[in-house]
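If you're wondering where the values come from, they're calculated on a predicted model, not measured in any experiment. Residues take their numbers from the sequence shown, with the count starting at 1. Whatever order the structure lists ligands and atoms in, that order sets their numbers, starting from 1. Below, all heavy atoms of this structure are taken into account, side chains as well, without hydrogens, waters or symmetry copies.
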Amino acid sequence: MKKTTSDMGPNRTGIAMSPIDSADIFQAAQKRAPTSPGDGSLLLEVRKQYALESGGVGHVPPPANLKGVAKTAVELLKGAKPTVFLDKLGERLAFERSGSRLYEGALAKLDVHGSWEDGPTQEGLERILNDELSHFALLSESLTKLGADPTAVTPCADLVGVMSMGLPAVLADPRTNLRQSLEALLVAELTDNASWELLIELARGLGHDTLADRFQLALDAESEHLVLVRGWLASGITLEARAASPEELGAPA
Ligand SMILES: [Fe+2]
């Protein structure tokens, strides 16, 4: 029988799997003192020390060309801090680039596992993939126009890369199916929506209205992505929860 994501089967992670062994473990833990002195609070103290000594997560690089230097200088004179905007643009660029790779991964899962009723289609996934790519290109162009180097990893880009490390890992894992991959896509789309909103607000505040208008179009596309991914995921979960026989009902494998 075709396996779905939630079929019952071997799983030894829970303590209830072996009451005799778990009783032994409890007894052994109570008898022996910890092998190292101290407790978790010492770890926090060490982290605080490292934090005091750390130089932070990098810097925003200086503008890549003279035109950029002039523009940046003007912004500074106006009392704005353009590096904040460049940092957030770099972050969005990094996330959109990895977003397009997530959809490449989802297309591969679709090839292997197929879809389900009201689930993702090849055209739907490809459309979102192309949107993410065009958003990446928009950000690259915006950074270049502002005199910045779009290939530079800004501190916020670094941070968002660390935060979202699990998403490509879910897609690259050969054990995950399309439905499970959609859980990762949902996290990415929620982040996309919230982050574009913030970037638009920032752009308007700094007087970059033309950019803000273009970013609004990106946000409109992201809202559609979110509706699609949520719908695909909901239909997959609902179908699986109701299916008596996965083959019969075409539940996601
Ligand atoms: Fe998106």
Side-chain angles (χ1 to χ4, degrees), residues 85-113 115-116 118-145 150-151 153-154 156-173 176-204 208 210-237 252:
F85 190 43
L86 298 179
D87 195 10
K88 296 305 277 181
L89 285 169
E91 171 197 311
R92 212 67 296 275
L93 177 140
F95 202 82
E96 291 286 347
R97 180 177 51 214
S98 56
S100 66
R101 289 184 182 142
L102 293 181
Y103 281 92
E104 284 174 350
L107 281 162
K109 298 285 184 189
L110 179 72
D111 275 350
V112 174
H113 299 284
S115 189
W116 53 91
D118 297 324
T121 59
Q122 171 132 358
E123 299 71 44
L125 291 172
E126 279 172 354
R127 205 192 105 203
I128 302 183
L129 164 60
N130 290 330
D131 281 348
E132 310 291 9
L133 267 181
S134 74
H135 296 165
F136 164 74
L138 166 63
L139 290 155
S140 178
E141 183 200 322
S142 309
L143 278 158
T144 306
K145 277 190 181 156
T151 67
V153 178
T154 67
C156 278
D158 192 338
L159 197 66
V160 83
V162 173
M163 280 192 289
S164 58
M165 236 179 234
L167 305 184
V170 167
L171 271 295
D173 191 326
T176 58
N177 62 23
L178 182 58
R179 204 211 82 187
Q180 289 166 323
S181 301
L182 283 172
E183 307 272 5
L185 296 179
L186 179 62
V187 173
E189 293 300 349
L190 288 166
T191 302
D192 273 340
N193 275 266
S195 304
W196 277 112
E197 278 172 14
L198 198 148
L199 201 57
I200 290 165
E201 214 173 289
L202 195 57
R204 293 238 181 263
H208 293 296
T210 312
L211 275 185
D213 290 344
R214 295 182 74 189
F215 293 171
Q216 182 60 51
L217 296 176
L219 176 59
D220 293 346
E222 297 295 359
S223 311
E224 288 175 23
H225 299 175
L226 188 54
V227 170
L228 282 170
V229 171
R230 263 190 182 143
W232 291 335
L233 187 56
S235 64
I237 292 170

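Distance check for His135 against the Fe ion (ligand 1): none of its N/O/S atoms falls below 2.8 Å. Among the backbone and side-chain atoms of Glu96, none of the N, O or S atoms lies under 2.8 Å from the Fe ion (ligand 1).
Residues passing the ring pair (Phe, Tyr, Trp, His ring centres under 6.0 Å) test with Phe85 are His208, sequence neighbours excluded. In terms of the salt bridge (Lys or Arg N to Asp or Glu O under 4.0 Å) criterion, residue partners of Glu183 (sequence neighbours excluded) are, by chain and number, Arg179.
With the Fe ion (ligand 1) at the apex, Glu132 OE2 and His225 ND1 define an angle of roughly 100° (rounded to 10 degrees). Rounded to the nearest 10 degrees, the angle OE1 (Glu222) to the Fe ion (ligand 1) to OE2 (Glu189) equals 140°.
Here the CG-CG distance, from Leu226 to Leu185, works out to 11.0 Å after rounding to the nearest 0.5 Å.
Note on Arg127 versus Glu123: no salt bridge recorded, every NZ/NE/NH1/NH2 to OD/OE distance being 4.0 Å or above. Salt bridge present: Lys88 and Glu91 bring a charged side-chain N and a carboxylate O closer than 4.0 Å.
When the Fe ion (ligand 1) is compared with the N/O/S atoms of Asp192, atom OD2 turns out nearest.
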